[in-house]
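One structure is given here, and the rest of the page talks about it.
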Protein chains: 2
Amino acid sequence: MTKRRGGAGRPSIAGIAAAAGVSPTTVSHALSGRRAVSKETRERVLAEIERQNYRPNLVARGLRRRQTQSVALLVADLANPYYPVVARAIHDVLAAEGYVSFLGNTDGDAGSERTLLEEMAARSVDGIIMQPMGMSVTDVREAVGPAMPLVAITNGAGDASVDQVCTDDAHGIAEAVAYLAEKGLDELGFVGGPRNAPPGPSRLAAFRSAAEEAGLTVPPQWIEHTSFTRDGGATAAARLFARAGRPRAVLCANDLIAIGVLDAARRAGLRVPEDVAVVGFDDIETADLVTPRLTTVLNPAAAVGEACARTMLRRLERGPRPPYERVVLPTRLTVRQSA
Amino acid sequence: MTKRRGGAGRPSIAGIAAAAGVSPTTVSHALSGRRAVSKETRERVLAEIERQNYRPNLVARGLRRRQTQSVALLVADLANPYYPVVARAIHDVLAAEGYVSFLGNTDGDAGSERTLLEEMAARSVDGIIMQPMGMSVTDVREAVGPAMPLVAITNGAGDASVDQVCTDDAHGIAEAVAYLAEKGLDELGFVGGPRNAPPGPSRLAAFRSAAEEAGLTVPPQWIEHTSFTRDGGATAAARLFARAGRPRAVLCANDLIAIGVLDAARRAGLRVPEDVAVVGFDDIETADLVTPRLTTVLNPAAAVGEACARTMLRRLERGPRPPYERVVLPTRLTVRQSA
DNA sequence: TTGAAAGCGCTAACAG
DNA sequence: CTGTTAGCGCTTTCAA
């Protein structure tokens, strides 16, 4: 049924206007509703649009209107099961409001982050949602300029000129430490993420202060750093378990690491939780499927995504002026079997 | 450091041209290299670009060049762990070639698929990669017109005017059936996906013919249909296990379903694999983490993504003329504990 | 090696 | 209620 014009591509507004005997302006307004159009005219126009199967060229519209109805979503690693859930929630909320999403994978690397940020800015996206890993929130703001709507997924403090959605990681971690302490497991280790990439340091800091709060001392050799992966966790835990004297419980900066720790424990012949208790962070779907079922801190991924999208929509409506929002989402301990 | 122009937004090519004392044309060519520019002129232009921190407006460029260096990726459900892996691979390959990805979530629904397809076409993406679920491959081609580069992720036959990347599901399923038959497990059940959505029917068909090949008869009541989710699998398997007489082994149309079947078996007090063997499909990361570890057919997600991206790149280079490609990727049985 | 002019397809300002 | 004109920021003829 599709009608094609002479040699060129899709039908354009000019073709519709000519065929309907009106000006392009009128076609535009019949479509957008931004100006009154008489019923008969509108019907004639819409009929012609239907006949030619016309769809407005959104690139041209974007150039003219100076807004593209698009949002960039920059994540560290889409293959990490936490992000797809966030991404899906963001996508769904945004799509319902007529926005389309660009997806960018940064690998948590500052260089890639900067490149993608510039790329997206050059594409005139209406906003950017990202979890800065290599860059600081302030860096990000500087990179995209003061006018770009920006929602950062963070964890903890920071008050740059950016809207933030953050999870109260410290609360869940404190809950976990208190839970372990109460069980008499007062020799705690921690397998954290990379030394400098969020949310590694902040979760470690939360762990330290929770341990202190609980009156526990944590020897430095029981704190390991690794990547946010299963293999990373396994390797780090292998080091931990190889030492003379090992912790009775290990908290991990995310579930993938924790699953790796379970691997290492199995290989080292340690029973979980009898010989060593393991607590994860995130509560990805897999956490409930491993053996033993993973006790972990629930990080509400879908809620984070939804909050990001809604915060972005509000910002898009309000324009770039302060004040900036800060949405804090709770985390809480989910007790299963591993601790 | 960022320089901003008078009242408006980002610096434009005109501003650079004026400041460098050349025409916009020359700036454009200094940037694109599509025409020779004298060394001195180029350096002057580039210096000015640097000074003003100019980045070309890609929306304007896209309108003019009639290509946007963007590709749409339409998946059924990003939260299904299979897709993030595909998406990441696609993203990485495409990004390396200077393409950016739009992400769309269709929920496997024909309406959403059509809407997103039109949206992406209206945005003049250079190509679309999708796994059609509600729509047929032919429908998709019709919806976007003959000129749109299109790579479909499919499973099995079909030769519409579309490039296809498909996995040889039948092979892996045949392997699984043969493996079970050899073990003497000749009473087979199947928990398939939705009746009409790919890859449900094709995997069921593959199962049927493999069973026939192996000389096994499969009673109709041992074939269940459900959604591609853990809950769906659990519900379907509960029905299966509630019947008088149940299969000795159950093949599933994907791993999520299989994990649901494990749930149901546990609830029904059935041991896996002793009372009932379970085989999944996809080999998502979780398959190796559940208890018992899931025997499943490996569906090479990252390879699928990479093949999609490379096929798209070739198509982008060659233009819309036939012939169309068909890349077939192997699947194979991965034996663990559940069967 | 460079520039002027035209125009991608749309919408907004202005005018009636 | 409708049309004319101008131009978003870029690239591409065409001409020098």
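Each chain gets a letter, A, B and so on, in the order its sequence line appears, and its residues count up from 1.
- B/I153 has its side chain out of reach of B/V151: every pair of non-hydrogen atoms, C-beta onward, lies at least 4.5 Å apart.
- For the residue pair A/R123 / B/T68, no side-chain donor-acceptor distance below 3.5 Å is found, with atom types taken as modelled.
- If you check D/dT12, D/dT11, C/dC10 against the side chain of B/H29, the one that comes closest is D/dT12.
- If you check D/dC1, C/dA13, C/dA4 against the side chain of A/R35, the one that comes closest is C/dA13.
- Of the candidate nucleotides D/dG9, D/dT12, C/dT11, C/dT11 has the atom nearest to the side chain of A/S28.
- Among D/dG9, C/dA4, D/dT4, the nucleotide with an atom closest to any side-chain atom of A/R66 is D/dG9.
- Counting any heavy atom pair closer than 4.0 Å across all strands shown, B/V37 reaches sugar-phosphate atoms only and no base atom.
- In this structure, B/R10 atom CZ and D/dG9 atom C1' are separated by 9 Å, rounded to whole Å.
- Among the nucleotides D/dC1, C/dC10, D/dC10, the one closest to the side chain of B/R61 is D/dC10.
- When heavy atoms are screened at a 4.0 angstrom cut-off, A/T25 is found touching base atoms of the nucleic acid.
- Using a 4.5 Å cut-off on side-chain heavy atoms (C-beta onward), B/Q69 and B/V100 make no contact.
- Each of A/R55 and B/R44 lies near DNA chain C, and the nucleotide nearest B/R44 is the one positioned closer to the 5' end.
- B/T26 has no side-chain polar atom (N or O) that falls below the 4.0 Å cut-off from OP1 or OP2 of C/dT1.
- Between A/S38 and D/dC1, a side-chain N or O to OP1/OP2 separation shorter than 4.0 Å is absent.
- Taking atom CG of A/L63 as the reference point, atom C1' of C/dT11 lies 10 Å away to the nearest angstrom.
- Residue B/S32 is out of contact with every strand shown, counting any heavy-atom pair closer than 4.0 Å.
- Contact check for A/R65 versus A/S32: side-chain heavy atoms found under the 4.5 Å cut-off.
- Checked by atom type, the side-chain pair A/T138/A/R141 shows no donor-acceptor distance below 3.5 Å.
- Closest to the A/I13 side chain, of the nucleotides C/dG9, C/dC10, D/dC1, is C/dC10.
- The B/R34 side chain lies nearest to D/dT12 when the options are C/dG3, D/dT12, D/dT11.
- Not one side-chain nitrogen or oxygen of A/S12 sits closer than 4.0 Å to the OP1 or OP2 atom of C/dG9.
- One atom, CG of B/L31, and another, P of D/dT12, lie 12 Å apart when rounded to the nearest Å.
- Counting any heavy atom pair closer than 4.0 Å across all strands shown, B/V59 reaches no nucleic acid atom.
- Listed candidates were C/dT2, D/dA6, D/dT4. Nearest to the side chain of A/R64 is D/dA6.
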